[in-house]
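What follows is a set of notes on a single structure, which appears directly below.
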Amino acid sequence: NAGVMQNPRHLVRRRGQEARLRCSPMKGHSHVYWYRQLPEEGLKFMVYLQKENIIDESGMPKERFSAEFPKEGPSILRIQQVVRGDSAAYFCASSPGRRGRDSYNEQFFGPGTRLTVL
Amino acid sequence: GDSVTQMEGPVTLSEEAFLTINCTYTATGYPSLFWYVQYPGEGLQLLLKATKADDKGSNKGFEATYRKETTSFHLEKGSVQVSDSAVYFCALSPGANSKLTFGKGITLSVRP
């Protein structure tokens with residue numbers, strides 16, 4: 001069973017361009033989370049999605065950032081008009097969504113996309 | 001809001017040394033607590049977890065006990081190996097299907 005896949009692994013953009021980050025969850029997982037890791041910082045939650053629905057976007061910047069998880073295909077994190085401060089590692093995690101025996105659904109992380117804005 | 005505080009790093013140890021990495025948290029209710037490990041160039045892997053007070057999570061020789069009275073979840077290992085060199089993150093989640101709140105992480109380097 002393949003793990004969570006993210007692509008591209010490395011992405012370079014110039015200021016003002018758009019960045020699209022893709023996340024394919026593990027097979028059978030219907031919940032996706034996006035986190036951002038700034039240099040020397042821990043991971044910060046951005047958004048939580050289920051198929052075709054945004055459940056929690058409390059960590060998303062109000063402008064330029066958007067996320068989707070369509071019925072078919074990967075989840076997409078889109079950053080419009082990138083700025084240098086967007087340079088970071090973006091991690092996606094997926095979980096099955098159903099309640100486990102200990103009431104916790106483990107989140108499985110992808111390898112991340114490292115975005116560099118020139 | 002919820003928060004996780006980890007001790008400052010980096011930490012460098014000799015092989016077979018004892019390891020303690022401190023973690024304290026602030027949260028309402030009864031969160032689940034986790035330690036994640038990140039090896040160079042990879043994503044995070046769940047190392048261990050505890051879902052209620054006094055639970056002890058353990059895996060690969062690592063242990064951590066959920067201490068509600070001190071709001072702590074310190075990570076310990078009796079004898080570290082070079083292969084344990086990685087970044088370690090403490091995290092909490094308020095419940096199932098909820099976001100994780102992470103500490104800043106600490107880099108552990110183990111010398112042969």
Side-chain angles (χ1 to χ4, degrees), chain A residues 2-7 9-10 21 23-26 29-50 53-60 67 89-114, chain B residues 1-10 21 23-27 29-57 59 66 73 86-107:
Chain A
V4 177
M5 294 190 291
Q6 292 188 248
N7 65 81
R9 293 291 305 272
H10 301 273
L21 289 63
C23 169
S24 296
M26 289 179 68
H29 286 192
S30 59
H31 293 215
V32 165
Y33 305 78
W34 285 94
Y35 296 85
R36 176 166 64 176
Q37 183 179 29
L38 294 168
E40 307 303 320
E41 295 285 330
L43 279 74
K44 303 290 187 185
F45 168 77
M46 299 183 75
V47 63
Y48 164 33
L49 311 103
Q50 296 177 23
N53 289 302
I54 296 175
I55 306 303
D56 180 357
E57 56 181 349
S58 58
M60 285 280 270
Y90 292 82
F91 289 94
C92 163
S94 73
S95 76
R98 61 187 176 278
R99 195 174 288 270
R101 184 162 60 95
D102 58 4
S103 295
Y104 173 71
N105 288 307
E106 180 179 344
Q107 294 182 25
F108 294 82
F109 282 78
T113 293
R114 280 155 181 82
Chain B
D2 296 348
S3 67
V4 175
T5 303
Q6 291 184 234
M7 58 184 278
E8 296 286 328
I21 301 177
C23 171
T24 57
Y25 68 91
T26 301
Y30 302 92
S32 296
L33 301 174
F34 311 89
W35 277 99
Y36 278 83
V37 58
Q38 184 181 29
Y39 298 103
E42 298 183 11
L44 277 70
Q45 301 174 25
L46 179 64
L47 180 60
L48 53 84
K49 69 177 189 287
T51 57
K52 60 183 186 296
D54 300 324
D55 268 2
K56 178 185 283 188
N59 186 26
Y66 190 144
F73 193 55
V87 182
Y88 292 80
F89 293 94
C90 186
L92 69 80
S93 175
N97 300 322
S98 299
K99 65 185 180 185
L100 289 161
T101 297
F102 287 90
K104 288 190 175 183
I106 187 168
T107 300

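Both backbone and side-chain heavy atoms feed into the values below; hydrogens, waters and symmetry mates do not.
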Kindly indicate, with the supporting measurements, whether the criterion side chain to side chain contact (heavy atoms under 4.5 Å, CB included) is fulfilled by K99(B) and S58(A).
CA-CA 10 Å; K99(B) 65 185 180 185; S58(A) 58; 3.5 Å; yes
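- Residue Q50(A): no heavy atom, backbone or side chain, is found under 4.5 Å from chain B.
- Counting heavy-atom neighbours within 6.0 Å of M60(A) CE, excluding the residue itself, gives a total above 12.
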Would you check, one step at a time, whether the test side chain to side chain contact (heavy atoms under 4.5 Å, CB included) holds for Q37(A) with F89(B)?
CA-CA 12 Å; Q37(A) 183 179 29; F89(B) 293 94; 3.4 Å; yes
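- For the residue pair F91(A) and Q38(B), the shortest heavy atom distance occurs at CZ-NE2, 3.3 Å.
- The closest donor-acceptor contact from the side chain of Q45(B) to the backbone of F109(A) lies at 3.5 Å or more, if one exists at all.
- To the nearest 0.5 Å, the span separating NE2 on H31(A) from OG on S98(B) amounts to 11.0 Å.
- Across all their heavy atoms, L100(B) and F45(A) have their closest contact at O-CB, 4.1 Å.
- In terms of the side-chain contact (heavy atoms from CB on, under 4.5 Å) criterion, residue partners of A27(B) (sequence neighbours excluded) are, by chain and number, D2(B), Y25(B), P31(B), L92(B).
- By the neighbour-count criterion of 12 heavy atoms within 6.0 Å, atom OH of Y39(B) is densely surrounded, having more than that number from other residues, nucleotides or ligands.
- Contacts of F108(A) with chain B are absent, with no heavy-atom separation under 4.5 Å from either backbone or side chain.
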